[in-house]
Participant: 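Just passing along the structure, written as structure tokens.
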Amino acid sequence: EALAQAMPAGASPTSLRDTTRIAGSSPAVWRDIFLANQQQLLPLVDALAASLNGLRNAIANQDEAALHTFLSHARASRRTLIGDATPKDS
């Protein structure tokens, strides 16, 4: 709920819909999936929390180099995950 309230007016509804798909599904189903996969999920959640904390710190400190590094790594990860062939310098 706090995240929804923090979203800026005019945020893309399509992107928001895609990134909140689990939240729109059955809580009981996903609860069971999360609990059944606890050992696999906890390291991923910890890594995500650390990454978001690093992003938060970079924004708070106006650290341009850290933001550039974060976004470059995110872009490379996206390419790996979806096979994006966008030129690296664009």
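All residue numbers refer to positions in the sequence shown, counting from 1.
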Participant: Please determine which of Asn53, Ile59, Asn57 meets the side chain to side chain contact (heavy atoms under 4.5 Å, CB included) test together with Leu55.
Facilitator: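 So, applying the side chain to side chain contact (heavy atoms under 4.5 Å, CB included) to Leu55 and each of Asn53, Ile59, Asn57, only Ile59 qualifies.
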Participant: Taking CD in Glu64 as the centre, count heavy atoms belonging to other residues, nucleotides or ligands within less than 6.0 Å. Is the count above 12?
Facilitator: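 Count not over threshold, so no.
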Participant: To the nearest 0.5 Å, what is the distance between CG on Leu42 and CZ on Phe34?
Facilitator: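 Rounded to the nearest 0.5 Å, the CG-CZ separation comes out at 11.0 Å.
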Participant: Run through Val45, Leu52, Leu44 and flag the one making a side chain to side chain contact (heavy atoms under 4.5 Å, CB included) with Leu48.
Facilitator: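 Of all the options given, the one that passes is Leu52.
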Participant: For His73, does its backbone N or O pair with a side-chain atom of Ser77 as donor and acceptor, under 3.5 Å?
Facilitator: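 Pair found, side chain donor or acceptor close to backbone of His73.
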Participant: Considering only residues two or more places apart or on different chains, which pairs with a residue in residues 39-63 satisfy salt bridge (Lys or Arg N to Asp or Glu O under 4.0 Å)?
Facilitator: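 Output for this query is empty, none listed.
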Participant: Give a yes or no on whether Leu35 and Val29 share a hydrophobic cluster (residues Ile, Leu, Val, Met, Phe, Trp, Tyr; joining criterion: side-chain heavy atoms under 4.5 Å apart).
Facilitator: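 Looking at the clustering, Val29 is in a separate group from Leu35.
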Participant: Where is the tightest heavy-atom contact between Leu41 and Ile33, given as atom of each residue plus distance?
Facilitator: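 Shortest heavy-atom contact: CD1-O, 4.4 Å.
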